[in-house]
There are 4 protein chains.
Amino acid sequence: MKRSVREAKKQEKRTLILTTTARLFKEKGYHATTIADIIRETGLARGTFYLYFREKQEIFNEMLKALYTSLTAGVWQFEIEKFQDRESFYNQLVALGYRLLKIFREHREVVQILVSNPAGADSAFDRQVHGFYTLLVEVARGMIERGIETGRIVPHDSKLLSLILTGGLREFVFQWLTTGLYEDELEDKIEQIVFFFMRGVEVR
Amino acid sequence: MKRSVREAKKQEKRTLILTTTARLFKEKGYHATTIADIIRETGLARGTFYLYFREKQEIFNEMLKALYTSLTAGVWQFEIEKFQDRESFYNQLVALGYRLLKIFREHREVVQILVSNPAGADSAFDRQVHGFYTLLVEVARGMIERGIETGRIVPHDSKLLSLILTGGLREFVFQWLTTGLYEDELEDKIEQIVFFFMRGVEVR
Amino acid sequence: MKRSVREAKKQEKRTLILTTTARLFKEKGYHATTIADIIRETGLARGTFYLYFREKQEIFNEMLKALYTSLTAGVWQFEIEKFQDRESFYNQLVALGYRLLKIFREHREVVQILVSNPAGADSAFDRQVHGFYTLLVEVARGMIERGIETGRIVPHDSKLLSLILTGGLREFVFQWLTTGLYEDELEDKIEQIVFFFMRGVEVR
Amino acid sequence: MKRSVREAKKQEKRTLILTTTARLFKEKGYHATTIADIIRETGLARGTFYLYFREKQEIFNEMLKALYTSLTAGVWQFEIEKFQDRESFYNQLVALGYRLLKIFREHREVVQILVSNPAGADSAFDRQVHGFYTLLVEVARGMIERGIETGRIVPHDSKLLSLILTGGLREFVFQWLTTGLYEDELEDKIEQIVFFFMRGVEVR
DNA sequence: CATGAATGAGGATTCATTCAT
DNA sequence: AATGAATGAATCCTCATTCAT
């Protein structure tokens, strides 16, 4: 049907905007990317952009939504599924780390934006980024509390621990995505981080 | 003397700009703060601002310099002084944490800007912020390596550990400074962080 | 077609800017003319100007290019064509003068700017104006040297002569274009200038 | 007397401003030179400048006045004195050229400003420059008319001739002062110009 | 649906000039 | 007389967004 051809074309253009903008965000940063950049790089007309997105922010929201979807499918549900079985807690955490890694790899651009833009001020963008971290912290916190309840983690201020953990991971991911550090040994590093998280650094 | 009266007034105005801008940075974020905001809030004339600072960036530099000075006096030299004596490593780290805390309290505004703002893109500001973290990571790394050499820390990828540590602390400080969390129990939380850093979370 | 209607309107606006700016340059001089003046006089919005030209300079370049094109077609090639035939040298020079005059008449505005504005300092504008004169001097010099080679002009420092000639003509054109002097007897005056150039003033 | 010491100091400061500004005008051009430049280079206070001159323009006027004084003493009166005696007309013109040259050498800076800033627009500055040329043209015209009356110059449109002559000289002086061309052979070139003015270029 | 010309608010910076000390 | 801090008008330029075609 003509209808669906049109629909397809429309979706195509939408995707074009999304991928192009993702690249621009990566290259110049979110704030430095202007609508002018986007229409220049996509080759679309100025007004066309506004047919698909009302503002730059909306593109970012879209990307973020995709990330959330992946996270929901791959991580959020993780704790429910996996915490039941016999695997050691350590291995479970490593497996979780691998899952996160996989998702971050698939959503490099958004993740890079998220880790490069700590959210302080109060633009819509900042609130989104902040929301992401809050969520992450809450998830981590939930896991830690579960660990405490099930006797695998010594009692701690779970909020504090989750903040430290989330912040630490963020710096790690930031370093990886912006400088390429650890690119070829990420799985190994994940294990080291989990090891550190479990045992600390002290010589015993 | 007449001379000093003028000088004093000038210094007063300089301070006015600095404190007002610090507040604005805090309220709206560094990037969202415009020169127009600054002159409106200080009540100064358009041109007066440029009499004291050539650009917004310069105000931030000023603040940062003061922080660096404090850090140099209070922390950098710390490792040299303290790592010699008999105190337990744990206590040493806690003491270091307290020192950092004290300095961060005295420089709340700058620190808040540092933990709240993008360090990804490449404006002069971003480079400054990034430089600060790089420095912090390097200092942490040096300490960790010393710990490994002296047999107090089990061999680890020191770069990785320092990234995680710095990132974790940053999130902690960010939370404290923007939401007021832990305001009245910071010393306690520092101890918990050091404890976590040393022993991890695993039940043994 | 719709397409061409839009195109036409755009061209119209472009022309509006060009003519309005030409008038302003004439009235207030190049340097005294601001972008604000241009948008006020054209009735356009602030940003519209930048849709057509990136800077004031670009308008001038546009005008200058048109002049260069005419000069290339009408004068530069002149010496090649005409110096071959039998016409007396005197008549040839007069003919060249007429040609120049015709071109200057068609490009009054640019020419007026060129003869009325500083060529000393080193802005982009000044370099353009200076480049124009340098070119003129070089062309004049080439012609004089050809005249010397072919035995029609007594040996002289050709550079010096071309400087004097170019400067003299410029003052003449300046007077004509700013005060209207000689407006109705330009051809006659051209002949007098050529006569003076050939024979000097001395009574013999 | 105290009075005269003060007076002397005042005069000194005035001179300081004049020479410093002359240098700046030469280096950066008249328009590009700001009051800020002047007070920086003189080391005077902002307000002090305004005790001596109300505006930049006034400094230029001062310089111009000095040039006028020299011209009045050395050239204007020239025609009156010299045109009486037996010297050949040619030699008289050369002598006049030498005199002009001497004066221009002594007032390099002002002269450079005058020849670098053809006056088109209508600022006070432009009017001054324009006035200078008008005067020069009038003087030249007077001389030419006298030459015609006394039978040494063939009848010509004296206004036209004086425009051409003045413009030519200006270009010559401009070249000399801005590029240094002819610096070491100026007297020689003056003679060549007079020769050209008298006899033209034609081979006879 | 698509286009792209037009808009004007918003932000940075410079500079001549004044005026209290 | 000298000072130099303060002023604010003037200028340039960018950019998100609208709207007629």
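Just so it is clear, the values below take in all heavy atoms, side chains as well, and ignore hydrogens, waters and symmetry mates. Just so we're on the same page: letters track the sequence lines, and every chain starts at 1.
A cation-pi arrangement is absent between K13(A) and Y52(A) under the rule of less than 6.0 angstrom and at most 45 degrees off the ring axis.
Side-chain proximity of R46(B) to dA12(E), dA16(F), dT7(F): nearest is dA12(E). Counting only heavy atoms from C-beta on, Y50(A) has its side chain closest to dT17(F) among dA5(F), dT17(F), dT3(E). Counting only heavy atoms from C-beta on, L44(C) has its side chain closest to dT7(E) among dC1(E), dA1(F), dT7(E). The listed nucleotides are dT3(F), dA6(E), dA2(E); the one nearest the side chain of T48(A) is dA2(E).
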N61(D) and F53(D): CA distance, side-chain angles, deciding distance, side-chain contact (heavy atoms from CB on, under 4.5 Å) verdict
CA-CA 10 Å; N61(D) 292 351; F53(D) 299 94; over 6 Å; no
Between L114(C) and F60(C), does the side-chain contact (heavy atoms from CB on, under 4.5 Å) criterion hold? Intermediate values first, please.
CA-CA 10 Å; L114(C) 285 166; F60(C) 177 66; 4.0 Å; yes
What's the verdict on side-chain contact (heavy atoms from CB on, under 4.5 Å) for F49(C) and I59(C), showing C-alpha distance, side-chain angles and the deciding distance?
CA-CA 11 Å; F49(C) 173 83; I59(C) 301 183; 3.5 Å; yes
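A straight line from CD of Q57(B) to C1' of dG11(E) spans 17 Å, rounded to a whole angstrom. Distance, K10(B) NZ to dT3(F) P: 15 Å, rounded to whole Å. Distance NE2 (H31(D)) to C1' (dA16(E)): 15 Å, rounded to an integer number of Å. The distance between atom CZ of F49(B) and atom P of dG8(F), rounded to the nearest whole Å, is 17 Å. Rounded to an integer number of Å, the gap from CD of E12(C) to C1' of dA5(E) is 13 Å. Distance F60(D) CZ to dA16(E) P: 17 Å, rounded to the nearest Å. Remark: C1' of dT17(E) and CG of L51(D) are 13 Å apart, rounded to the nearest angstrom. We find that CD of Q11(B) is positioned 12 Å from P of dA5(F), with the value rounded to whole Å.
Checked against side chain to side chain donor-acceptor pair (under 3.5 Å), E62(B) has the following partners two or more places apart in sequence or in another chain: R14(B).
Residues I38(A) and T33(A) approach most closely at CG1-CG2, 4.1 Å, considering heavy atoms.
Taken residue by residue, residues 34-42 of chain D places no heavy atom nearer than 4.0 Å to DNA chain F.
Atom NZ in K26(C) sits 7.0 Å away from atom CD in E109(C) (nearest 0.5 Å).
An OP1 or OP2 oxygen of dA6(E) is reached within less than 4.0 angstrom by a side-chain nitrogen or oxygen of K13(C). Note on Y52(A): a side-chain N or O is less than 4.0 Å away from OP1 or OP2 of dA2(E).
Remark on DNA chain F: of its neighbouring residues T33(A) and K9(C), the 5'-side contact belongs to T33(A), judged by nearest-heavy-atom nucleotide.
If you check the side chains of Q112(D) and Y30(D), you find no donor sitting under 3.5 Å from an acceptor.
Taking 4.0 Å as the cut-off between side-chain N and carboxylate O, R23(C) and E41(C) count as a salt-bridged pair.
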Which dot-bracket string fits DNA chain F when only Watson-Crick or G-U wobble pairs with both atom distances under 3.5 Å count, crossing pairs get [ ], and | stands for a partner on a different strand?
.||||||||||||||||||||
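Between F125(B) and H31(B), the ring-plane angle classifies as perpendicular under the 30° and 60° cut-offs.
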